[in-house]
Amino acid sequence: MVGDDLCSDAQLVATRSITIAATPADVFPWIRQMGFGKAGWYSYDILDNLGRKSATRIHPEWQNVHDGDDVPSGPISFTAIHVVEPRSFVLCFRRSQGFARRICFTLAYELVEQHNQTRLVSRVRARIDAPFGSLIAKYLLGPGDGFMVRKQLRTLKERAETRL
């Protein structure tokens, strides 16, 4: 999947998908505006947006995200690595200093058109080179991400289908 090479030796790889009754061009703007302090992450807002409700409409002022731009996520920022409207959106966080020798975390979204619908595929890849890093990735980050992404995909589906 697009972005897999950014964290090729991941300790956690999780792929999830959903079918949305809207075209990729209708779904992509919802993804492009994601971020803390912007549209949110469409998941459990109390956990990933400090209680601020995720966007319920497309905001033109948040559509200007391109390769190399920062996408805030609370205390850290992702970098938009691969933004190809309306087909793919990849975010990456990397750190190689301090306690962890290396952290790599990617969020990738691919939008595949299927009979005027969109198959939205989400993939997370993570590697944490620190004491207990592989355990953290597998047993903490993995289940938590699954819980959050399930809600995110369902909310994206609801928003994109409602706004047609």
Side-chain angles (χ1 to χ4, degrees), residues 1-18 24 27-55 58-59 61-112 120-156 159:
M1 189 165 151
V2 65
D4 281 356
D5 60 319
L6 297 170
C7 192
S8 60
D9 56 349
Q11 297 157 321
L12 168 69
V13 178
T15 306
R16 299 167 184 97
S17 61
I18 195 166
V27 176
F28 192 84
W30 293 99
I31 295 169
R32 186 176 225 162
Q33 69 184 15
M34 289 189 307
F36 180 79
K38 297 186 346 178
W41 296 97
Y42 308 113
S43 187
Y44 296 97
D45 294 326
I46 193 71
L47 298 176
D48 66 10
N49 211 27
L50 293 181
R52 182 175 172 214
K53 186 169 173 51
S54 292
I58 301 297
H59 288 259
E61 67 273 22
W62 294 333
Q63 294 300 310
N64 196 25
V65 177
H66 302 284
D67 291 1
D69 290 346
D70 285 339
V71 176
S73 180
I76 66 165
S77 282
F78 286 98
T79 300
I81 298 294
H82 186 81
V83 181
V84 179
E85 185 176 355
R87 300 287 174 224
S88 57
F89 190 79
V90 180
L91 301 173
C92 182
F93 172 78
R94 288 186 187 173
R95 178 76 30 101
S96 58
Q97 60 188 11
F99 174 71
R101 292 181 304 280
R102 182 173 74 111
I103 297 174
C104 177
F105 189 89
T106 60
L107 298 171
Y109 301 87
E110 281 191 0
L111 298 86
V112 180
L120 176 58
V121 182
S122 167
R123 179 171 291 163
V124 63
R125 295 178 68 87
R127 180 165 190 91
I128 304 170
D129 289 336
F132 306 105
S134 62
L135 295 174
I136 293 168
K138 185 174 181 179
Y139 295 110
L140 183 63
L141 187 58
D145 177 72
F147 175 72
M148 300 297 281
V149 171
R150 180 175 188 268
K151 171 72 167 139
Q152 179 188 59
L153 295 177
R154 294 174 115 194
T155 302
L156 284 166
R159 303 269 162 82

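Side chains included, hydrogens not; waters and symmetry mates left out as well; all remaining heavy atoms used. As the structure is a computational prediction, the values presented were derived from the model and not from experiment.
Salt-bridge check for R150 with D145: failed, with every basic side-chain N at 4.0 Å or more from each acidic carboxylate O. Salt bridge status for K53 with D45: absent, with no side-chain N to carboxylate O gap under 4.0 Å.
At least one donor-acceptor pair under 3.5 Å links the side chain of R94 to the backbone N or O of L6. With hydrogens and angles ignored, the 3.5 Å screen pairs a side-chain donor or acceptor of E110 with a backbone N or O of V2.
Distance check: L111 CG to Y109 OH gives 10.5 Å after rounding to the nearest 0.5 Å. Considering CG of D4 and OG1 of T106, their distance stands at 7.0 Å, rounded to 0.5 Å. Here C92 contributes atom SG and H82 contributes atom NE2; the two are 13.5 Å apart, rounded to the nearest 0.5 Å. Rounded to the nearest 0.5 Å, atoms CZ (F93) and OG1 (T79) are 9.0 Å apart. The OG atom of S54 lies 8.0 Å from the NZ atom of K151; values are rounded to the nearest 0.5 Å. Atoms CZ and CD, on R32 and Q63 in that order, are 6.5 Å from each other to the nearest 0.5 Å.
Below 30°, between 30° and 60°, or above 60°: for Y42 and W30 the angle between ring planes is above 60°, a perpendicular geometry.
When every heavy atom of G35 is checked against every heavy atom of N49, the shortest pair comes out as O-OD1, 4.4 Å. A pairwise comparison of heavy atoms in K38 and V65 identifies NZ-CG2, 3.5 Å as the closest pair. Minimum interatomic distance between A137 and Q11 (heavy atoms only, all atoms of both residues): CB-OE1, 3.9 Å. A pairwise comparison of heavy atoms in A126 and F105 identifies CB-CD1, 3.6 Å as the closest pair. Of all heavy-atom pairs spanning V90 and A108, the tightest one is CG2-CB, 4.0 Å. Summarising the geometry of D9 relative to R125, their closest heavy-atom pair is N-NH2, 4.4 Å, with the distance given to 0.1 Å.
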Q. Run the side chain to side chain contact (heavy atoms under 4.5 Å, CB included) check on R127 and I103 step by step: do they pass?
A. CA-CA 6 Å; R127 180 165 190 91; I103 297 174; over 6 Å; no
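The side-chain heavy atoms of L91 and F89, taken from C-beta on, include a pair separated by under 4.5 Å. Counting heavy atoms from C-beta outward, V124 and V149 have side chains that stay 4.5 Å or more apart.
In the model, R123 has a side-chain atom that pairs as donor or acceptor with a side-chain atom of T15 under 3.5 Å.
In summary, the aromatic rings of Y44 and F147 are positioned with their centroids under 6.0 Å apart.
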